[in-house]
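So the structure is just underneath, and the comments pick up after that.
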Amino acid sequence: MATTTKTGYCNGSDMLLYINGKAVGHCTTHTTTINSETKDRAVKPVAAKSVSAGLWKNKGVVGLSVSISAEGLVFYQETETGYKSCLALIGKGQSVDVKCMERENTDKPYLSGKFVIASLERSDAAQDDATYSISLENDGEIEFDDTAITETPEAAGA
């Protein structure tokens with residue numbers, strides 16, 4: 001496969017979400033949220049400092065979590081992960097394998113790990129496309145690989 005240099009802004013259609021080895025089909029959007037769970041540490045200031053020095057708290061990271069939400073259109077001829085397969089997966093009550101990656105770079109995900117399907121919702125409005133949304137929460141440690149995201153070093157410092 002020939003390597004092409006990407007320029008300009010990242011097109012959201014280039015970013016893919018996979019569940020159990022298949023892309024989420026007819027996906028209209030997906031959002032990845034990485035959270036740090038923190039703990040405040042307030043200590044008495046040293047004797048040489050004023051009392052106001054004790055107003056500043058230190059933060060410590062005590063946990064990390066990842067949540068992913070996606071929305072898609074219900075498609076009768078779905079060949080990838082769609083509403084029907086998500087419904088079957090949530091019914092099993094087990095973790096699923098999730099990967100986020102750039103299109104044409106599917107052998108190198110920038111995020112991967114086990115996730116639990118926290119919710120699955122379907123909306124069937126009259127005279128409109130049927131849609132679904134899924135929410136996933138990490139189940140254990142998640143692997144991040146920032147080298148799998150296309151960004152030139154010059155752009156990172158700009």
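Computed from a predicted model, the values in this text were never measured in an experiment.
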Nearest-0.5 Å distance, [atom1] of residue [X] to [atom2] of residue [Y]:
{"X": "E137", "Y": "S67", "atom1": "CD", "atom2": "OG", "result": "6.5 Å"}
{"X": "K99", "Y": "D107", "atom1": "NZ", "atom2": "CG", "result": "9.5 Å"}
{"X": "S123", "Y": "D128", "atom1": "OG", "atom2": "CG", "result": "8.0 Å"}
{"X": "H26", "Y": "T79", "atom1": "NE2", "atom2": "OG1", "result": "7.5 Å"}
{"X": "D129", "Y": "D124", "atom1": "CG", "atom2": "CG", "result": "10.5 Å"}
{"X": "L64", "Y": "N35", "atom1": "CG", "atom2": "CG", "result": "9.0 Å"}

Same hydrophobic cluster for [X] and [Y], using side-chain heavy-atom links shorter than 4.5 Å among ILVMFWY?
{"X": "V24", "Y": "Y18", "value": "no"}
{"X": "F75", "Y": "I19", "value": "no"}
{"X": "L111", "Y": "M15", "value": "yes"}
{"X": "L89", "Y": "V98", "value": "yes"}
{"X": "I117", "Y": "L16", "value": "no"}

Do side-chain atoms of [X] reach the backbone of [Y] as a donor and acceptor pair under 3.5 angstrom?
{"X": "S85", "Y": "G82", "value": "yes"}
{"X": "R122", "Y": "A130", "value": "no"}
{"X": "N138", "Y": "V66", "value": "yes"}
{"X": "S133", "Y": "E71", "value": "no"}

Closest approach of [X] to [Y] (non-hydrogen atoms, all atoms of both residues):
{"X": "E80", "Y": "E78", "value": "N-OE2, 3.1 Å"}
{"X": "G113", "Y": "I142", "value": "CA-CD1, 3.9 Å"}
{"X": "P45", "Y": "S50", "value": "CG-O, 3.6 Å"}
{"X": "T81", "Y": "Y132", "value": "O-OH, 3.6 Å"}
{"X": "C86", "Y": "L120", "value": "C-CD2, 3.7 Å"}
{"X": "E102", "Y": "T150", "value": "OE2-N, 2.6 Å"}

Are T147 and K108 close enough, and set up right, to give a side chain to side chain donor-acceptor pair (under 3.5 Å), and what steps lead you there?
CA-CA 9 Å; T147 66; K108 192 170 183 181; 3.2 Å; yes
Please step through side chain to side chain donor-acceptor pair (under 3.5 Å) for the pair S36 and T38, ending with a clear verdict.
CA-CA 6 Å; S36 293; T38 61; over 6 Å; no
Would a 4.5 Å heavy-atom cut-off, applied to side chains only, mark L17 and I68 as touching?
yes
Working for side chain to side chain contact (heavy atoms under 4.5 Å, CB included), residues D146 and F144
CA-CA 6 Å; D146 63 338; F144 299 104; over 6 Å; no
